[in-house]
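Below is one structure, written out as structure tokens; comments come after it.
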Amino acid sequence: MLNLVIFGAPGSGKGTQSAKLIDEYSLYHISTGEVLREEIASGSELGKLADSYISKGQLIPDDLMISILDEILTRHLKDREGIVFDGFPRTIPQAEALASLLEKHGTELHAVIGLEVPEEELIDRMIKRGQQTGRADDNAETIKNRLAVYHNQTRPVKDFYIGKDKYIAVNGSGVVDEIFADIRKGIEQATGQKSKK
Ligand code: AP5
Ligand code: MG
């Protein structure tokens, strides 16, 4: 199996590079942000609760997020070649929970790919996407909060994985395919896994 976390600030390219990873390595993509946006679109009770946090740029509480992830993993981990976790973990308790959940399913996390992009570029990308797609949390005020939450609550997760020797830093600025080539090199160096293609 190949289980990867794609890590980085809001707008760093996690979704963009996940699409390439799942194709290249035949992995299953779990984006917690997308899962929550689907709940919001469906009008479910969970969606209403999620919206009250996402619209402010805050994180959904750990207990709730971890139980949602547990349920998704139980449904989708079997018979897969591996998973790309996009947007999870975002806190130290989530990182600890991910290790336990993967262990419960008889597997482990192999590497964390950290996309590193300067803050001005992150803001430009999200403002542009907000104008093009209307994604609700891509407005100046919420972007400011999302970046502050990243620095205060999510950035420590990077040090957590550096300490476990699982963090692969990748320059996330530039051409999408060139960034992906660096990701592939990093995965091969860290895990010995070559792509399935
Ligand atoms: P989530 O959906 O995870 O959003 P995010 O982390 O804010 O990141 P984005 O999806 O905005 O960016 P991305 O890194 O995927 O980049 P993308 O490829 O789209 O989370 C949303 C919210 O849900 C959170 O704020 C929180 O409230 C909640 N949530 C989610 N997970 C949670 C958790 N685990 N715990 C608690 N709460 C949680 O790229 C961005 C843009 O840039 C795109 O337009 C793209 O086309 C463009 N782009 C990508 N790469 C490049 C490039 N190389 N050059 C130029 N443009 C590029
Ligand atoms: Mg995303």
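For reference, positions follow the sequence shown, starting with 1. All ligand and atom numbering here is 1-based and tracks the order in the structure.
Of the listed residues (Gln58, Lys56, Arg135), the one carrying the non-hydrogen atom nearest atom 27 (O) of ligand 1 is Gln58. Among Leu122, Thr16, Ile54, the residue whose heavy atom sits closest to atom 23 (O) of ligand 1 is Ile54. Among Met126, Arg90, Lys128, the residue whose heavy atom lies nearest to atom 38 (C) of ligand 1 is Arg90. The closest heavy-atom contact to atom 52 (C) of ligand 1, among the options Glu121, Gln17, Arg125, comes from Arg125.
Any N or O atom pair closer than 3.5 Å counts here, and Gly15 shares at least one such pair with ligand 1. For ligand 1, one of its N or O atoms has an N or O atom of Arg129 under 3.5 Å away. At a 3.5 angstrom cut-off on N or O pairs, Glu34 does not count as close to ligand 1. Considering backbone and side-chain N/O of Gln94, one or more are found under 3.5 Å from N/O of ligand 1. Distances between N or O atoms of Pro89 and those of ligand 1 include no value under 3.5 Å. Annotation: Gly13 places an N or O atom under 3.5 Å from an N or O atom of ligand 1; distance criterion only. Polar contact with ligand 1: present for Arg37 (N/O pair, distance under 3.5 Å).
In terms of protein heavy atoms, atom 7 (O) of ligand 1 is closest to Arg146 NH2, 2.7 Å. Looking from atom 53 (N) of ligand 1 to the surrounding protein, the closest heavy atom is Gly174 O, 2.9 Å. Closest to atom 37 (N) of ligand 1 among all protein heavy atoms lies Ile60 N, 3.1 Å. Of the protein's heavy atoms, Gly11 N, 2.9 Å lies nearest to atom 12 (O) of ligand 1. Counting protein heavy atoms only, atom 31 (N) of ligand 1 is closest to Thr32 OG1, 2.7 Å.
Rounding to the nearest 0.5 Å places CZ of Arg80 at 9.0 Å from CG of Leu77. The structure places CD1 of Ile72 at 5.5 Å from CD1 of Ile30, a figure rounded to the nearest 0.5 Å.
Close contacts of ligand 1 with Gly87, meaning ligand atoms under 4.0 Å from a residue heavy atom, involve 31 (N), 32 (C), 33 (C), 34 (N). Listed by atom number, the atoms of ligand 1 under 4.0 Å from Ile179 heavy atoms are 53 (N).
Residues passing the side-chain hydrogen bond (donor to acceptor under 3.5 Å, both in side chains) test with Thr107, sequence neighbours excluded: Asn3.
For the residue pair Glu39 / Ser44, a side-chain donor-acceptor distance below 3.5 Å is found, with atom types taken as modelled.
Residues Gln94 and Val157 are not in side-chain contact: their nearest non-hydrogen atoms beyond the backbone lie 4.5 Å or more apart.
At a heavy-atom distance under 4.0 Å, only backbone atoms of Ala9 (N, CA, C or O) approach ligand 1. Only side-chain heavy atoms of Leu36 come within less than 4.0 Å of ligand 1; its backbone N, CA, C and O stay farther off. For Asp138, no heavy-atom contact with ligand 1 is shorter than 4.0 Å. Of all the heavy atoms of Lys14, the ones lying under 4.0 Å from any atom of ligand 1 are found in both the backbone and the side chain.
Looking at Glu188 and Lys185, no side-chain N of the basic residue comes within less than 4.0 Å of a carboxylate O on the acidic one, giving no salt bridge. Ion pairing between a basic and an acidic side chain is recognised when a charged N comes within 4.0 Å of a carboxylate O; Asp138 and Arg125 show no such pairing.
Side-chain N or O atoms of Lys158 include none that pairs as donor or acceptor with a backbone N or O of Gly114 at under 3.5 Å.
For the pair Lys164 and Phe160, the distance from NZ or CZ to the six-membered ring centre is under 6.0 Å and the angle to the ring normal is within 45 degrees.
Clustering of Ile, Leu, Val, Met, Phe, Trp and Tyr side chains at separations under 4.5 Å places Ile183 together with Leu2, Leu4, Ile6, Leu21, Ile22, Tyr25, Leu27, Val84, Ile113, Leu115, Ile168, Val170, Ile179, Phe180, Ile187.
Residues Leu36 and Tyr28 share a single hydrophobic cluster, defined by chaining ILVMFWY side chains whose heavy atoms lie under 4.5 Å apart.
Asp63 CG: 12 or fewer foreign heavy atoms inside a 6.0 Å radius.
Checking each of Lys144, Lys56, Arg129, Arg146 against Asp137 for a salt bridge (Lys or Arg N to Asp or Glu O under 4.0 Å) leaves exactly one that passes, namely Arg146.
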